Amino acid sequence: MEEFKILSELAEERDGKGPQRADLDKCVHCGLCLNACPTYRELGLEMDSPRGRIYQMNQIAEGAPINDSYIRHIDLCLGCRACETACPSGVPYGRLIEAAREEILPRRKLSMKAARYQRWFFDKLLPSRPALQVAGAVLYFYQKSGLQKLARLTGAFKLLGSNLAKLEVLTPRAEIPFFYSKIGKTFPALGEKRFRVAFVAGCIANVTFARLNEATVRVLQRNGCEVVIPPAQGCCGALHLHTGMAEHAKALARNNVDAFVPEEFDAIVTNAAGCGSTLKEYGHLLAADYDYAEPAQRFSEKVQDVTEFLASVELNDQMGSLETIVTYQDSCHLAHGQRIKDAPRKILQSIPGLDYRELPQADICCGSAGIYNVVENQMSMEILRHKMELVKGTEAEIIATANPGCMLQLEAGVRMFGKDQRVLHVVQVLDEAYQNYMMALVRKKKLANATARRR
Ligand code: SF4
Ligand code: SF4
């Protein structure tokens with residue numbers, strides 16, 4: 001009893017930070033989540049399984065010191081939340097791992113260089129439009145000037161260090177013109193207006209997924225949506241939250257709650273499952289904030305993933321045929337974070353001509369997991385290699401998914417282990433079907449005009 005008291009006192013010193021007792025106590029240690037866990041499947045180690053990590057969190061909560069071994073096992077977790085879906089006891093694992101990382105953050109031993117880079121990335125780059133535009137322009141020059149091609153051909157990055165070479169393959173493409181020029185604008189519904197929606201354009205996505213954002217707006221317009229892109233929106237804070245920077249994430253959440261007026265829209269739509277998962281949790285994130293708790297909750301209730309929204313409305317079926325084999329890789333933050341698995345499949349299967357092939361173990365993470373593929377590159381690439389072997393078995397020409405981060409990882413997978421498959425977001429596949437329909441209409445009209453002229 002005495003010992004218990006001492007441990008509880010130690011636990012209280014954690015100032016309410018770290019995994020909470022009520023969440024930890026939900027785990028009954030049954031082990032039903034083990035096979036769903038990519039790191040357990042790779043390493044076969046209990047300490048790298050969800051149950052093992054919860055056991056370690058429990059020890060810390062009872063006063064054990066945070067040591068390097070604990071940090072390593074927590075770092076190796078992808079935060080994919082597959083264990084949360086598999087768990088029959090309702091353990092909120094996503095909340096536990098975020099809290100564990102927040103508690104670890106001040107105790108991390110980072111080199112000056114790494115700390116400076118981390119500060120620049122999270123504080124200066126992600127939340128700043130001008131900084132992202134400059135970084136995007138530099139990246140565009142590197143890629144279009146032929147420097148990237150040259151660096152890859154000569155293996156220049158290998159000379160600078162093997163880690164740099166491994167990371168270079170994950171570099172996203174800068175897409176000119178950036179999507180920033182569309183922010184603040186309203187796009188009318190095509191045909192009868194059925195809905196008014198707000199679109200969340202993201203942060204890096206404005207630079208590296210500008211074409212995906214445009215396709216998303218087009219698809220929404222074709223489905224009777226007036227699409228508003230509120231000007232003051234910014235980074236959602238998902239990456240900050242997953243790294244343990246909860247206070248930064250809260251500041252970014254407040255900015256977005258101010259930027260959108262939920263009552264004005266039928267839905268607040270995002271095409272990034274990772275962002276959507278965090279946007280839907282703003283209510284919880286700001287629950288202790290007197291001024292923002294209630295508006296944040298209203299905001300979260302309006303957030304929908306674009307596939308979730310489209311599957312819930314009567315989908316415009318004026319689609320042209322897409323004669324191609326398509327498979328679908330679940331995005332963890334859609335399948336596990338938001339429990340949405342049917343909507344993207346339903347959309348793909350509604351496209352005429354498309355041969356849909358289910359991917360075995362589609363709901364196991366591809367190894368992307370935010371910046372996991374950068375900071376835990378070796379494990380991430382092992383997981384990706386297995387994923388691409390399964391993709392090969394489907395003979396798919398298109399790998400569809402629902403999150404820009406997963407697209408980057410799968411594109412790297414195609415470059416390293418694939419067979420020239422195209423990697424597209426589900427809405428881009430749907431957009432192609434709509435474009436095909438429009439092109440068929442134009443061709444028909446031209447033919448009719450030519451026939452009329454001949455008569
Ligand atoms: S979040 Fe993913 S990697 Fe982490 S313990 Fe759960 S299943 Fe394993
Ligand atoms: S997290 Fe859930 S499934 Fe995994 S051991 Fe605990 S209770 Fe069982």
Side-chain angles (χ1 to χ4, degrees), residues 18-62 69-104 238-239 241-244 273-274 276-278 280-281 329-341 360-387 401 403 405-406 409:
Q20 295 305 296
R21 174 54 51 214
D23 292 340
L24 289 168
D25 283 349
K26 285 197 176 133
C27 178
V28 296
H29 312 292
C30 63
L32 289 172
C33 52
L34 263 59
N35 266 332
C37 173
T39 55
Y40 181 73
R41 290 169 78 102
E42 284 297 327
L43 302 170
L45 295 174
E46 174 69 15
M47 287 305 166
D48 287 309
S49 77
R51 182 174 63 185
R53 289 185 178 112
I54 291 171
Y55 174 78
Q56 295 167 82
M57 288 177 201
N58 255 311
Q59 288 189 314
I60 303 295
E62 283 168 11
S69 154
Y70 174 66
I71 294 176
R72 187 70 202 124
H73 294 300
I74 294 297
D75 278 354
L76 262 190
C77 171
L78 292 135
C80 67
R81 294 167 70 175
C83 47
E84 208 173 298
T85 303
C87 174
S89 305
V91 174
Y93 187 85
R95 205 151 71 200
L96 285 173
I97 191 74
E98 274 164 14
R101 285 181 171 152
E102 189 187 3
E103 191 177 34
I104 285 172
L239 288 179
L241 202 56
H242 299 157
T243 315
S277 185
T278 296
K280 285 183 179 181
E281 284 169 9
Q329 161 65 23
D330 283 293
S331 294
C332 296
H333 282 95
L334 195 62
H336 307 303
Q338 302 177 54
R339 304 287 162 97
I340 298 170
K341 291 182 87 172
Q361 299 171 20
D363 61 354
I364 299 267
C365 184
C366 63
S368 167
I371 52 168
Y372 187 93
N373 51 5
V374 175
V375 291
E376 295 294 341
N377 186 263
Q378 195 181 346
M379 172 63 77
S380 167
M381 291 303 119
E382 270 310 296
I383 294 170
L384 181 60
R385 193 167 55 77
H386 288 157
K387 181 65 63 187
T401 188
N403 187 43
C406 309
Q409 174 83 343

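We count ligands from 1, going down the list as the structure has it; atoms in each ligand are counted the same way. Only a predicted model underlies this, so the values are computations on that prediction, with no experimental measurement involved. What's counted below: heavy atoms across the whole structure, side chains too, no hydrogens, waters or symmetry copies.
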| Tell me, which protein residue and heavy-atom name are nearest atom 8 (Fe) of ligand 2, and how many Å apart are they? | Cys30 SG, 2.3 Å
| task | For Asn58 and Arg53, test the side chains for any donor-to-acceptor distance below 3.5 angstrom and give the result as yes or no. | result | no
| query | Quick one: does Met381's side chain get under 4.5 Å of Gln409's, heavy atoms only? | reply | yes
| said: If you apply the rule side chain to side chain contact (heavy atoms under 4.5 Å, CB included), what do you find for Tyr93 with Cys33, and how did you get there? | reply: CA-CA 11 Å; Tyr93 187 85; Cys33 52; over 6 Å; no
| said: Please state which option from Pro88, Gly31, Cys27 has its nearest heavy atom closest to atom 6 (Fe) of ligand 2. | reply: Cys27
| request: Could you pull out all residues at least two apart from Asn35 that satisfy side chain to side chain donor-acceptor pair (under 3.5 Å)? | output: none
| For atom 7 (S) of ligand 2, which protein heavy atom lies nearest, and how many Å away is it? | Val28 N, 3.3 Å
| said: Any non-hydrogen side-chain atom of Met379 less than 4.5 Å from a side-chain atom of Leu43? | reply: yes
| note | the protein heavy atom lying closest to atom 2 (Fe) of ligand 2 turns out to be Cys87 SG, 2.3 Å
| Does Thr39 reach the main-chain N or O of Cys77 with its side chain, forming a donor-acceptor pair under 3.5 Å? | no
| message | Tell me the protein heavy atom at minimum distance from atom 1 (S) of ligand 2, and give that distance in Å. | response | Ile54 CD1, 3.7 Å
| field | For Ser89, the ligand 2 atoms whose distance to one of its heavy atoms is below 4.0 Å | value | 7 (S)
| query | So what's near atom 6 (Fe) of ligand 1, protein N, O or S atoms under 2.8 Å? | reply | Cys83 SG
| said: In the structure I gave you, are the side-chain heavy atoms of Ile364 and Lys387 within less than 4.5 Å of one another anywhere? | reply: yes
| Residue list, side chain to side chain donor-acceptor pair (under 3.5 Å) with Glu84, at least two apart or on another chain | Arg81
| field | Contacts of Arg51 that satisfy side chain to side chain donor-acceptor pair (under 3.5 Å) - sequence neighbours left out | value | Glu46
